[in-house]
Amino acid sequence: MRSYPPEPFRIKTVEAIRQISFDERKAALKNARYNVFGLRSEDIYIDLLTDSGTGAMSDRQWAAIMQADEAYAGARSYFRLAETIGKIFSFKHFIPTHQGRAAEHILSTLLVKPGLSIPSNTHFDTTEANIQARGGRPINFVIDEAADPTIYHPFKGNMDIGKLKAFIRETGPENIPFGMITITNNATGGQPVSLENLRQVSEIYRRHKIPFFIDACRYAENAYFIQQREPGYSEKSTLDIANEMFALADGATMSGKKDAIVNIGGFLAMNDETLYQRACSELILWEGFPTYGGLAGRDLDAMAVGLWEGLDESYLAYRVGQVAYLGDGLLAVGIPIVEPPGGHAIYIDAKRLLPHIPRDEFPGQALAVELYLEGGIRGVELGSVAFAHSDPDTGEMQYPLMELVRLAIPRRMYTQAHMDFVIATLTRIGERRDSIRGYRITYEAELLRHFTACFEPL
Ligand code: F0G
């Protein structure tokens, strides 16, 4: 089995966590109507709901926070962040936003009109929702391999170039206000995109004069995978690789809550001067003055430091190695996952683990509940609860490709013993898998139902 990568840091501050009893967990679940989003954080032992905004900041980030400048306009904090973004992303302009979806909101407000299409490998759900909110059509063209959890592909987040070309030909570039790609591709398992693929995508968008925006939330993990896996890149630094990736694009949306290792923050970057000026007007309307966006000066400084720490190669080797350690450990005890492990999370294949639970009884939901009951661990269902919808024309239920439960690993937060605990918990769940039963929805909201749905065990 893979060895655990020793942490390239030591611990200076700790936060107590505790495991409440089985009976207390049972009561907490019932109280939350069997939706793990409804649980109180203090009732959770290991929280793998998301890697977004949940990481541990460093002593240097906290020191930068103390030195922040809270001036309304022209703060030193802004210029420190601008210098960092300039060196890593090298776009001409950027505006700070309170998180990634605020950048998506501004971009969509400025460029999406009803009926226009925005292709990507796979849009994240907030990106999709922001495009739809403006009447646009988000379209996904990830390679076919991504739909099969058992296939190994070094860059399973890649765009299907043939499908993208055909789509632009059929739709017409005038109906595509911008194109995107998500690195790494969260929706299909945190899978990376190769530089070769980014180059091809860029070439196609540019040939058709379609502005190209990268969803860059986990760009540093993506750069590390390129260094490790793509021929010709093993001698390049992650910074060089990041520069090369962003030079292919016209802009980026960024959630700093991921690879900038902050609890809040993001930005929208672009080269186009006119677009930047229009974005500033939107920013002032929704977020704040262009030198702070929706953030405090201290958030800007924490992000300026965190961006460098997130790109550090010894950190990335540990980060990606920790996720792979969990993935290999689960495979070793017979828990099916999306292979190969992604950069920020392990995605358990609930359809293969619980084949006796039909999709309309939500195998992923059943597994998410068992994880909490058995070990006080919280993951998130990314299957039929989150993504199934009835076809507007036929009324027939459309199910997503996979029934997954994501275990996202917060950055610099949990240790090897915690990962071993997760593996041991899933080993026990695996042993009694046949006795696990499905769920019925008793309440659901019209949009994004997984956050607030209520369930009843069958
Ligand atoms: N793009 C991707 C690929 C994401 O994973 C996320 C957030 C966003 C955009 C939006 O950023 O949350 O700062 O507004 N993903 C989190 C997750 C929520 O759990 O994967 P945000």
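This one's a predicted model, so the numbers in the text were calculated from it and none came from an experiment. Counting convention: from 1, in listed order, for ligands and their atoms alike.
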Please find out if less than 6.0 Å separates the ring center of F455 from that of Y34. no
Does F94 have its ring centroid less than 6.0 Å away from the ring centroid of F89? no
Residue pairs fulfilling side-chain hydrogen bond (donor to acceptor under 3.5 Å, both in side chains) with at least one residue in residues 154-163, sequence neighbours excluded: D144-K163
Please output the residues near ligand 1 using a strict heavy-atom distance under 4.0 Å, listed in chain and residue-number order. T50, S52, Q99, G100, R101, E104, F124, T126, T182, N186, D215, C217, R218, S255, K257, K258, R406
List in chain and number order the residues that pass side-chain hydrogen bond (donor to acceptor under 3.5 Å, both in side chains) with T188, two or more places apart in sequence or in another chain; answer none if no residue qualifies. N185
Under the salt bridge (charged side-chain N to carboxylate O under 4.0 Å, His left out) definition, can you give me all pairs with a residue in residues 244-258, not counting sequence neighbours? R199-E244, R206-D250, K236-E244
Using only atom types and a distance under 3.5 Å, with no angle test, would you say the side chain of N197 pairs donor to acceptor with the backbone of V193? no
